[in-house]
Amino acid sequence: MTDLNAAPEPAHPTAGTRQVPDRVSLDGVEERWNAAWTAQDLYGFDRTKTREQVYSIDTPPPTVSGSLHVGHVFSYTHTDVVARYRRMQGAEVFYPMGWDDNGLPTERRVQNYFGVRCDPSLPYEPDFTPPFEGGDNKSSKAGDQVPISRRNFVELCERLTVDDERQFETLWRRLGLSVDWSKTYQTISGDARAVAQQAFLRNLARGEAYQAEAPGLWDVTFQTAVAQAELEARDYPGAYHRVAFHGVGGTKVYIETTRPELLPACVALIAHPDDERYQHLFGTTVTSPLFGVEVPVLAHPGAERDKGAGIAMCCTFGDLTDVQWWRELQLPTRSVIGRNGRLLSETPDWLSTDAGQALYGELAGKTTFSARELVVAGLRESGDLDGEPVKTQRKANFYEKGDKPLEIVTSRQWYIRNGGRDAALRDELLARGAELDFHPEFMAVRYENWVGGLNGDWLISRQRFFGVPFPVWYPLDADGEPDHENPIVASEDQLPIDPSSDVPVGYTADQRGVPGGFVADPDIMDTWATSSLTPQIAGGWRSDPDLFERVFPMNLRPQGQDIIRTWLFSTVVRSHQEHGCLPWSDAAISGWILDPDRKKMSKSKGNVVTPMDLLVEHGSDAVRYWAASARLGTDAAFEVGQMKIGRRLAIKVLNASKFALSFGTVELDPALVTVPLDRAMLAGLADVVDRATASLEAYDHTRALELSETFFWTFCDDYLELVKDRAYGEGAGADSARAALGIALDTLLRLFAPVLPFATEEVWSWWREGSVHRAAWPVAEPLRAAAADASPTVVSAAGAALAALRKVKSEAKVSMRTEILAVTLDVPAALRGDVELALDDVRSAGRATGTLDLATSDGESVVARDASLGEPVTRG
RNA sequence: GGGCCUGUAGCUCAGCUGGUCAGAGCGCCGCGCUUACACCGCGGAGGUCGCCGGUUCGAAACCGGCCGGGCCCACCA
């Protein structure tokens with residue numbers, strides 16, 4: 001026989017060597033085929049292939065301590081469809097899976113689960129046993145937690161996340177992700193830590209990483225600095241307080257503030273340089289109420305005349321505008337808010353009046369909330385509060401995981417240059433973004449907007465304990481003060497290191513913390529500082545350069561649109577700096593899953609279906625179908641009812657296949673296809689193959705699926721019915737039908753394989769060798785050759801004629817088996833030729849055993865009239 | 001305030017660069033156990049394509065405005 005597809009696979013002998021089951025079913029296909037695929041290592045990566053032969057995917061590592069939801073299933077299915085398609089196109093697909101166990105969610109979970117907390121100053125205890133296991137989110141308070149070393153903490157994390165990872169892997173396998181499960185990584189693993197540290201050291205050596213002491217956004221709950229990308233503006237209730245400052249000669253200058261507790265931190269009053277109302281005050285000083293501190297009245301264009309009183313109290317620091325004024329007007333620093341969000345306990349020395357010092361004594365150690373009440377009470381008493389506070393709803397910056405507004409605290413932090421302070425670098429990164437193919441394209445705008453709007457470099461240090469530590473120490477001078485300007489860096493071959501327990505070369509352990517000795521950098525890297533290196537971690541940049549060369553730069557980054565500003569951008573930054581190229585050529589952005597109320601699905605709403613239940617109840621192919629039906633970048637509403645569509649399709653694939661394979665040996669020889677209807681069907685299929693392929697090349701899996709599916713339903717409902725009797729018969733007509741059925745089935749299974757991996761593999765196993773998932777993607781040319789010059793419209797015309805006959809019976813409320821003794825079909829002129837070509841098949845499918853007259857009509861559809869019906873008949 | 005996406009049958013969505021586009025599936029109604037399939041098949045009823053203007057011979061599709069939904073950024077006096 002002629003092999004239908006010019007495939008790299010060996011020409012398979014005529015099939016039929018296996019059994020088509022008497023009853024087909026989807027039951028158990030997931031278990032059966034997953035076991036088979038694992039046993040065959042079907043998705044194993046062949047690392048002998050070169051970069052040109054490889055299609056590599058930078059899979060998003062799910063946060064293991066997070067919960068699974070249908071959104072995961074949704075977006076990971078999109079990626080798997082791409083992976084399976086590329087594999088069938090002959091690419092060697094590099095499709096690893098990572099687990100993100102870095103960051104606060106894991107840190108909190110380990111704390112609560114084991115009742116411990118990380119204290120990097122402690123030594124490692126090899127035989128440590130946690131106080132308990134299995135605590136829930138509320139069971140352990142900070143005070144009850146046993147402090148342990150970072151290394152012990154990481155070990156507990158690894159222990160805990162093993163379960164999470166197993167759960168994810170089970171789900172992913174059930175879903176049918178064609179991941180190479182030997183290629184998994186964890187972001188807290190030694191190799192990942194080493195990659196993160198090595199990349200950082202190189203950034204440092206090239207001057208891309210630097211430290212600075214500066215005011216920055218600070219979360220008082222987690223007591224850590226926060227990066228711009230982690231901000232979230234939320235509504236926050238506040239109140240305007242109209243407060244009097246005292247000018248010369250007892251005049252009062254009113255400002256409005258929502259943060260009266262910052263009054264002791266006031267360093268100036270500021271108005272717009274052109275504001276007539278305040279011209280006379282510029283250059284003079286005023287005295288703050290209650291605290292009696294003399295501050296200048298200054299002009300700055302950043303002041304807005306129509307905001308509040310038009311003149312603002314500048315404090316160090318109430319907001320980012322304060323920071324700007326402080327920097328540009330070179331104002332003194334008078335901080336009163338501590339890292340815990342409470343007012344500093346020591347009375348500041350700039351408070352010189354007795355009353356001011358006494359009042360501050362009461363404020364010391366208070367939360368901003370309590371301090372505000374005290375200050376307002378004082379202002380009211382002194383008569384410096386004009387009227388009552390006016391409630392307002394304002395936006396405040398929050399850490400995305402925090403629940404208190406961010407404060408601004410001065411601290412020493414590590415930064416990586418990302419173009420936020422450097423136009424040349426920003427332009428380079430914008431150019432990288434333009435080079436990247438976003439799917440859908442409009443997502444590129446989000447990248448441009450974000451990069452264009454950066455207002456500072458990337459803050460990568462966090463004052464947390466669990467994570468990748470900075471691989472640096474600082475020499476201590478004779479007074480025991482660290483020399484931050486001259487860090488001692490680890491060498492690359494030492495990595496990974498933990499500076500809190502490892503000792504820098506040239507020092508001994510007992511020199512830690514003593515004058516003349518050294519001290520570890522206490523901070524850890526932000527989780528994105530590690531995640532931004534997933535291509536390097538998964539690809540073996542540090543540990544396996546040979547592999548890295550074969551997979552990097554990668555082909556695809558799949559991810560959600562919400563983390564374009566974080567994960568996508570930071571990965572581009574790192575790759576640009578380290579490798580001078582994009583980390584991947586394409587980015588596929590999946591949408592959100594919304595619940596039926598059009599809200600983003602969240603577990604708190606209690607309406608979340610667990611993904612595993614969904615897979616078990618409806619079958620993986622059905623859920624995959626649902627996911628694949630949503631275009632990239634488009635949000636999709638979750639509706640359980642939609643699951644049955646894919647299930648119906650998968651079952652239909654089984655049943656139609658059973659029929660197509662029910663005639664004994666399946667001959668795939670195109671030369672046997674001689675009947676016009678059969679050729680027409682193949683002509684239509686050829687078009688579908690071309691269009692579906694083009695769609696997949698353009699990352700439009702939805703269109704590809706829709707094309708195949710539409711063809712397939714017509715194939716089942718019309719074509720199969722039309723050829724059924726002929727196929728059951730004998731002779732050239734039967735041979736033609738059977739060969740066409742076999743060829744179509746062969747093609748359709750391949751077309752559906754990326755979306756319905758289980759059903760297609762099940763059918764494939766009935767009659768073919770090997771796996772459909774390693775079979776070649778279909779090509780149109782052989783189909784078109786077999787179709788000769790047949791027009792696809794013969795199938796639709798014959799289908800329309802058949803439908804007209806069916807309608808007669810439906811309206812007569814009789815069985816479809818009912819014989820038609822006589823009927824006239826009014827056929828539009830344009831269809832007449834096509835109908836005539838398939839008339840015998842129409843006749844037999846419609847049981848039109850008697851006279852069937854064709855009349856040319858000028859209508860648009862085929863209509864049956866003057867029918868006389870007989871009795872139900874049985875075929876065969 | 002700026003930007004991106006979005007508003008088509010009860011529901012979920014297709015409608016590609018303006019001219020069989022008014023569609024599919026689910027749901028609903030009616031009929032039918034038909035040797036692939038009752039986890040089914042066949043037939044049918046459902047929409048002034050958010051609203052108002054404009055461009056055009058012609059708009060669901062293009063332009064402008066408005067209204068509604070989602071997301072991102074900016075806005076803390």
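Per chain, numbering begins at 1; letters A, B, ... match sequence-line order. No hydrogens, no waters, no symmetry mates; every other heavy atom, side chains included, goes into these values.
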- If we call it a pair only when both distances are under 3.5 Å in a Watson-Crick or G-U wobble match, what pairs with B:C28? B:G44

- Query: What distance, rounded to whole Å, do you find between the two P atoms, one in B:C5 and one in B:G64?
  - Reply: 12 Å

- Query: Among B:A77, B:C13, B:C33, which is the nearest nucleotide to the side chain of A:Ala637?
  - Reply: B:C13

- Message: Tell me whether the side-chain N or O atoms of A:Lys652 pair up with the base of B:C37 as donor and acceptor below 3.5 Å, since no angle test is needed here.
- Response: yes

- Checking all strands, does A:Arg647 fall into the base, sugar-phosphate, or nothing category for heavy-atom contacts under 4.0 angstrom? base

- Message: Closest-nucleotide mapping onto RNA chain B: is A:Phe442 or A:Ser662 further toward the 5' terminus? I mean the 5' end.
- Response: A:Phe442

- Message: Ring of A:Trp713, cation from A:Arg648 - is the NZ or CZ under 6.0 Å from the centre and inside 45° of the axis?
- Response: yes

- Query: What is the nucleic acid contact for A:Met816, judged by heavy atoms within less than 4.0 Å: base, sugar-phosphate only, or nothing?
  - Reply: base

- Crowding at CZ, A:Arg691 (>12 non-hydrogen neighbours, <6.0 Å): no

- Message: Side chain of A:Thr321, heavy atoms from C-beta onward: which of B:C76, B:C11, B:U34 has the nearest atom to it?
- Response: B:C76

- Query: Touch check for A:Gly560, heavy atoms < 4.0 angstrom, all strands: base, sugar-phosphate only, or nothing?
  - Reply: nothing

- Which of these nucleotides, B:G43, B:G15, B:U20, is closest to any side-chain atom of A:Arg806? B:G43

- Message: Assess, by modelled atom type and distance only, whether the side chains of A:Glu328 and A:His300 contain a donor and an acceptor separated by less than 3.5 Å.
- Response: yes

- Query: How many Å lie between CG on A:Leu869 and P on B:G43, as a whole number?
  - Reply: 16 Å

- Message: From CE of A:Met643 over to P of B:C26, roughly how many Å is that when rounded to an integer?
- Response: 15 Å

- Within the structure shown, what part of the strands sits under 4.0 Å from A:Asp322 by heavy-atom distance: base, sugar-phosphate, or nothing? nothing

- Which nucleotide in B:C76, B:G43, B:A74 has an atom nearest any side-chain atom of A:Asn455: B:A74

- Query: For A:Arg305, which contact category applies under a 4.0 Å heavy-atom criterion: base, sugar-phosphate, or nothing?
  - Reply: nothing

- Message: Whole angstroms only, please: what is the CZ-P distance between A:Arg234 and B:C76?
- Response: 18 Å

- Item | cation_pi(A:Lys391, A:Tyr240) dist<6.0 Å, angle<=45 | no

- Task: Scan A:Lys644 against the nucleic acid and name what it touches under 4.0 Å (heavy atoms): base, sugar-phosphate only, or nothing.
- Result: sugar-phosphate

- Query: Which comes earlier along RNA chain B counting from the 5' end, the contact point of A:Asn655 or that of A:Glu811, where each point is its nearest nucleotide?
  - Reply: A:Asn655

- Query: Heavy atoms under 4.0 Å, any strand shown: does A:Leu654 hit a base, just sugar-phosphate, or nothing?
  - Reply: nothing

